[in-house]
Amino acid sequence: MQVRSVRDLASSYSPRLTRIVADKSGKLEFGELCELLPGIGVNKPEIEVRAVFESLDVDKSGELDFHEFLSLVLSVCTDQVRQLDATSE
């Protein structure tokens, strides 16, 4: 399966994400991101989430496309690995 959108990634990755991206746009809006983050272990104040969203929304469309969303996923994974490393030292 070739992944081309957030929706494609969602369907192969997480039923929760698939439900959140229910509008079938293949893009993730700010409200959808706010709903998703606690489910993947990211608990940040809305103002911080907004800052991250805006920094990742490179094309300033108000939505995260696949590549912008992938940047978020990689960032979250990197942070989680760093936390695991810190606790194992």
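Note: hydrogens, waters and symmetry copies are ignored here, and every other heavy atom, side chains too, is used.
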Start with the C-alpha gap between E46 and F30, add the side-chain angles, then the distance that decides, and say whether side chain to side chain contact (heavy atoms under 4.5 Å, CB included) holds.
-> CA-CA 10 Å; E46 186 174 319; F30 177 72; 3.7 Å; yes
Measure from the side-chain N and O atoms of [X] to the backbone N and O of [Y], and report whether any donor-acceptor pair falls under 3.5 Å.
X   : Y   : answer
S71 : H67 : yes
E32 : E29 : yes
K44 : P38 : no

How about D59 and E68: do any of their side-chain heavy atoms sit closer than 4.5 Å?
-> yes
Going by heavy atoms in the side chains, are N43 and L37 under 4.5 Å from each other?
->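 They are not in side-chain contact.
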Rounded distance [0.5 Å steps], OG1 in T87 versus CZ in R82 |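 One finds 14.0 Å between OG1 of T87 and CZ of R82.
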Side chain to side chain contact (heavy atoms under 4.5 Å, CB included) between E63 and D57: does it pass, once the steps are laid out?
-> CA-CA 7 Å; E63 301 172 311; D57 184 16; 5.8 Å; no
Quick one: do F69 and L56 satisfy side chain to side chain contact (heavy atoms under 4.5 Å, CB included)? Show the steps, please.
-> CA-CA 8 Å; F69 177 71; L56 292 171; over 6 Å; no
